[in-house]
Each structure stands twice: as structure tokens, then as C-alpha cells.
Amino acid sequence: MRAEQRSGLLSAILAFTIWGLFPVYWKLLGAVPADEILAHRILWSFVFMRLLVAALGMSAGFRADLRELRGQREKFLLVAAAAVLISANWFIFIWAVNKGRVLETSLGYYINPLVNVLLGVIFLRERMNLWQKFAIFLAALGVGNLAARFGAALWISLGLAFSMGLYGLCKKKAGMNAFISITIETLLLAPLAALYLGSLYCRGEGFWPDLSLTSLLLLSGGAVTAAPLILFANGANKLPLSTLGMTQYVCPTLTFLLGTVIYSEPFTDAHIVSFALIWLALAVFSLSGRLPGKERAPGHNRPSSGTGA
């Protein structure tokens, strides 16, 4: 492996490691309501990303994309939809972590690559080969098994998987630079976040910037959100798509270990069967390009543009 690819691989692994360890960070904010954490994350993510875009010399591109959005209604709606989807993904993840449901977030991000393929077939007319269809079938069995056992509780996993999948689809169709797009997405939501936080402050509620650990963690949410995005972008630029696709499983694996080993969440027989089916589905999916089949889907092993964690 060339030095450039080694650097890219290290960046990708670090990005997904940070995303995989996000539950630790959000659990430190367990005393703060999820909606308030989300508002802080949106606001400070915009501030940090805008500074980052300026530091990277992308301000001209940022302003040009903003002007373009004003004149292209369809593209604006795609970016606005992406903003709503990523905020929904962030909220579900933060809420689930602080309700002691880390294991369900892990399942969601294991399912996500398969959801990406399914959305590609539905909306982008991509084609699946026989093995990829079999992988989707195995994952559906795994999800169905948990649905039969836990019913509505599965909304967390499916909500995370589909919100991130649809978010990636919107970004793909909008075709914008990753750093600029997340900056614009948070810009669209930042005024609402600021108004909400301001209303809390006026009522004497919520946490506001001071020197307490909680406030510092809330303020750092922007940097914590941006850091893995930067690492992921570096990895994506230097690695083959198939290699990058495999590294994404670092995130849900770490989250799975946190949920079962560190936080001792219940791991029932139903979980064992379902996770085994989904892990098998991912193995088949990852190898589908090498297995006998008539066609290979254009989106094979396509990772999402990061994770919403």
C-alpha cells in the first residue's frame, strides 16, 4: 500500500472510530434534554464549519453555492431536506444514547449501507446483482425478527438507517462539496436553533455558555462534529471506494461493543439472531462484487458521506 493510501486508511479509520465512540461524548451530557443538545450542536457546528470553510480557502465557493441555491429551487429543496434529515438523525441518536439504547443505534448503522443500496435502486435506478439482493433479504429477516419481538422499539434503528440513507441521497443529487454542504445545511437550521436556545435562556432554563463542563461540552459539539468529517474527506480522497466502504463498519462495531460491554444493555436471543443475520448480510454484500452474478450495481460498497452520530 502506498504512503498516500496508508494515510487515507488511517484517516478513515480514525473518522469512523470517533463516530463509533460518540455515545461516550453524548452520555456526558445526559442531564441535558436531547432537543437542547441538538440545538447547541446545530448552532456551534455552523460556527465551526464556517470558520473551517474560511480557513480552507472555500469562502468564495461557499458564497457562490449560496447564490446558486437562490436561483435553483430544486437544489435548494434538496439541501433543505438534507438539513432536516441530518438534524433528525442527530436527534434520534442523541436521544437514544441518553435513554440507554446504544445497541439500537449500532443496529441502525449496520443496516445503513444496505439501505443506501436499496435507495439507489429506487431513486437512482441502480441495479443489484443476485448476491446483493440476497444480502438485502438477510437483513430484512434480521430486522423482521427484532420487529416481531420488540415491535415499535425498532423505530430507532430504522429511523437512523433511513434518515442517513436519505440524507446521503439528497447530498448526492445536490452534488455539492462536503464541507460547504454541511455548512449550508447548518446555516439553514442555525437561526431556529438560536431562537430556541434564546427562548430557554429568557425563561431561565437550559444551559448557557460558562465555564462548567456541561457548557464546554455543548460548545465543543461543533468541533466534535467537524473533526471526523475532515478525516473522512481525507480518506475518501485517497482510498479506493471498496476499501473506504469496509472501514465504515468500524463505527457500528464500536457502538455495539459500547452498548453490550461498557453499558451492559440487554442482548437477548432475538438480538443474537438478528445481528448474526445482518452481519452475514454485510459479509455477502461486501463480497458481492467478487461472487458469481450477472451484474454489479454501480453503487457497490458505496459508503455514506459519514455518519449522523
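Both backbone and side-chain heavy atoms feed into the values below; hydrogens, waters and symmetry mates do not. Note that the structure is a prediction, hence the values are computed from the model and not measured. The chain is numbered in sequence order, starting from 1.
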Steps toward side chain to side chain contact (heavy atoms under 4.5 Å, CB included) verdict (L187, L66) = CA-CA 10 Å; L187 167 63; L66 277 178; 4.0 Å; yes
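- Checked against a 6.0 Å centroid threshold, the rings of W95 and W155 count as neighbours.
- With no hydrogens or angles considered, no side-chain donor-acceptor pair links K238 and S11 at under 3.5 Å.
- Judged purely by distance below 3.5 Å, without hydrogens or angles, the side chains of Y167 and E185 pair a donor atom with an acceptor atom.
- Among residues at least two apart or in separate chains, there is no salt bridge (Lys or Arg N to Asp or Glu O under 4.0 Å) pair with a member in residues 77-92.
- No donor-acceptor contact under 3.5 angstrom links the side chains of K133 and N129, judged on distance only.
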Check step by step if side chain to side chain contact (heavy atoms under 4.5 Å, CB included) holds for L107 and L103.
-> CA-CA 6 Å; L107 179 63; L103 199 57; over 6 Å; no
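- Between Y25 and F22, the angle of the ring planes lies from 30° to 60°, which puts this pair in the tilted group.
- Heavy-atom minimum distance, A82 versus C170: CB-CB, 4.0 Å.
- In summary, the side chains of Y110 and T253 do present a donor paired with an acceptor at a separation below 3.5 Å, with no hydrogens or angles considered.
- For F275, the ring pair (Phe, Tyr, Trp, His ring centres under 6.0 Å) test picks out F256, F267, W279, with sequence neighbours left out.
- Sorted by first and then second residue, the pairs that involve residues 194-203 and meet side-chain hydrogen bond (donor to acceptor under 3.5 Å, both in side chains), not counting sequence neighbours, are D35-Y196, R203-E205.
- With no hydrogens or angles considered, a side-chain donor-acceptor pair links R50 and S59 at under 3.5 Å.
- The shortest non-hydrogen separation linking K171 to A178 is NZ-O, 4.2 Å.
- The two residues A190 and I42 have their closest heavy-atom pair at N-CG2, 3.9 Å.
- Remark: K173 fails to qualify as a cation-pi partner of F123 under the 6.0 Å distance and 45° angle criteria applied to the six-membered ring.
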For side chain to side chain contact (heavy atoms under 4.5 Å, CB included), just list the numbers for N98 and I37, CA-CA rounded to whole Å, side-chain angles, deciding distance to a tenth of an Å, and then say yes or no.
-> CA-CA 11 Å; N98 288 337; I37 297 175; 3.8 Å; yes
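- When all heavy atoms of L188 and A80 are compared, the pair lying nearest together is CD1-CA, 3.9 Å.
- Under a 4.0 Å N-O distance rule, the pair E68/K75 qualifies as a salt bridge.
- Side-chain polar atoms of H271 and T268 form a donor-acceptor pair below 3.5 angstrom.
- Of all non-hydrogen atoms in A270 and R149, the two that sit nearest each other are CB-NH1, 3.5 Å.
- For an aromatic pair to be called close, the ring centres must be under 6.0 Å apart, and F16 with F232 satisfies this.
- Atom CZ of F62 has more than 12 heavy atoms from other residues, nucleotides or ligands within 6.0 Å.
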Residues L258, E265; criterion side chain to side chain contact (heavy atoms under 4.5 Å, CB included); working and verdict = CA-CA 9 Å; L258 283 174; E265 293 184 8; over 6 Å; no
